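Numbers restart at 1 for each chain; the letters A, B, ... are given by sequence-line order, proteins then strands. Because the structure is predicted, anything quoted here is derived from the model rather than measured.
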Number of protein chains: 2
Amino acid sequence: MTAGTAARRSDATRAAILAAARRRFAADGYERATIRAIAADADIDPAMVMRYYGSKERLFAAAAEFDLRLPDPAQLSRSGYGRALVRHFLERWEEDGTFVALLRAAVTNDAARDQMRDVFAGQIIPLVAAAAPADRRVAHRAGLVASQMIGLAMTRYVLALPPIARMSRDDVVAWIAPVLQRYLTRPAPPSTADS
Amino acid sequence: MTAGTAARRSDATRAAILAAARRRFAADGYERATIRAIAADADIDPAMVMRYYGSKERLFAAAAEFDLRLPDPAQLSRSGYGRALVRHFLERWEEDGTFVALLRAAVTNDAARDQMRDVFAGQIIPLVAAAAPADRRVAHRAGLVASQMIGLAMTRYVLALPPIARMSRDDVVAWIAPVLQRYLTRPAPPSTADS
DNA sequence: GCCGTTGGCCAACAACTGTTGGCAACAGTA
DNA sequence: TACTGTTGCCAACAGTTGTTGGCCAACGGC
């Protein structure tokens with residue numbers, strides 16, 4: 001019972017539910033992804049989902065745990081941050097649907113939106129802090145990076161605007177990398193609220 | 001009956017429903033904005049909403065009709081496109097909630113997503129075609145502009161990431177304008193699929 | 001005065017939602 | 001063998017949703 005790492009027969013079911021949940025949340029968003037649909041995908045009774053995850057909210061929390069696994073900036077050349085970042089984002093996003101699920105759900109679900117803010121505060125800001133010059137604009141710069149990357153995810157995966165959705169990875173990198181590089185390293189433009 | 005422009009007594013109700021619908025769709029997205037809530041906001045019976053707009057889908061279509069009212073590029077200096085565009089987007093978005101409603105709904109509702117694509121194809125692409133050099137990359141450039149602007153709308157209004165949501169309009173313009181300018185006018189970077 | 005039209009509300013329907021409790025089949029242990 | 005805990009399914013609940021039909025009051029032209 002308290003066997004810690006002992007493999008239970010139900011572990012496979014648990015995992016199947018989680019995988020189905022990720023797929024549904026990514027494809028349909030939080031409200032339209034129903035427990036019944038997730039259960040059907042996993043070939044299991046809806047009651048099982050409740051038994052193993054307690055509620056829809058907690059199932060989502062488990063399905064949307066997301067680590068960007070950002071590279072260590074110390075490993076990168078300062079002039080190559082932009083390229084490396086865009087390429088990493090694309091690969092990480094297309095590896096599984098978790099990020100798109102989180103993004104889609106964050107638009108209508110408060111818990112998902114809070115989790116999105118946590119990803120930003122806990123993963124993007126620290127990276128930018130290490131990569132950007134030590135001015136007082138780290139949070140601004142991180143926000144700008146996030147705005148371009150979230151816009152890319154929206155237009156490429158969610159809205160699927162044809163020119164962006166059809167672009168090759170290399171083209172995306174070639175166009176977007178210089179923008180990230182600019183947000184990360186260019187001196188701040190003149191501002192009405194300079195400190 | 002066929003009086004065309006004659007003011008009917010019900011016009012005020014119709015308008016109240018539409019205004020409430022826009023507010024609700026913008027705040028809650030398509031599925032969470034219920035007919036009952038919209039009707040309550042408009043101080044009216046839910047059945048009225050159905051009588052005047054037929055169905056929730058058609059109500060949304062009426063509420064989400066959106067014209068960016070983009071400026072005529074012929075009126076702008078070529079070097080000032082970026083600034084003018086960012087400023088225009090911010091003003092237009094904050095003027096009413098229609099665009100945010102459309103964006104929020106487009107994430108989970110197919111009709112809204114299609115309408116978003118129409119706005120892109122019918123309003124963004126033509127503007128970029130007039131402003132950008134006559135290379136074969138007009139659709140690409142327009143998509144990139146859209147990716148940055150949609151990302152800005154997402155991080156500023158929907159996710160409300162603190163650094164972006166709190167930025168002054170002038171700061172947003174100062175940071176984003178050069179990026180749009182680049183997408184519009186810079187020569188295309190080297191590509192794996194050059195024509 | 002009358003009467004058709006319009007504007008509005010109420011009550012109800014059928015479908016679907018997350019969620020719950022009870023019951024059967026099975027595994028492992030003694 | 002009997003016992004105990006796990007794994008699973010079925011049926012049902014209570015609430016909410018979009019949507020509909022019928023009824024009532026107020027208007028406007030005659």
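- Close to D:dG8, at under 4.0 Å from its OP1 or OP2, lies no side-chain N or O of A:Ser10.
- Results of the side chain to side chain contact (heavy atoms under 4.5 Å, CB included) test with B:Val145 over B:Leu127, B:Leu180, B:Ile150 single out B:Leu180 as the only residue that passes.
- In terms of modelled atom types and a separation under 3.5 Å, the side chain of A:Gln123 and the main chain of A:Phe66 share a donor-acceptor contact.
- Screening A:Glu94, A:Arg87, A:Arg92 against A:Leu90 for a side chain to side chain contact (heavy atoms under 4.5 Å, CB included) leaves a single residue, A:Glu94.
- A side-chain donor-acceptor contact under 3.5 Å links B:Thr98 and B:Asp96.
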- Message: One character per nucleotide, please: for nucleotides 16-26 of chain D, 5' to 3', B when the base has a protein heavy atom closer than 4.0 Å, S when only the sugar-phosphate does, - otherwise.
- Response: -BBBBB-----

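- The closest side-chain donor-acceptor pair between B:Glu31 and A:Thr108, if any, does not fall under 3.5 angstrom.
- When rounded to the nearest whole Å, the span between CE of A:Met48 and C1' of C:dA25 equals 13 Å.
- Across all their heavy atoms, A:Arg22 and A:Ala101 have their closest contact at O-CB, 4.0 Å.
- As judged by a 4.0 angstrom heavy-atom cut-off over every strand, A:Tyr52 is placed among residues touching the sugar-phosphate backbone only.
- Per the geometry, CD1 belonging to A:Ile38 stands 13 Å off C1' belonging to C:dT17, to the nearest Å.
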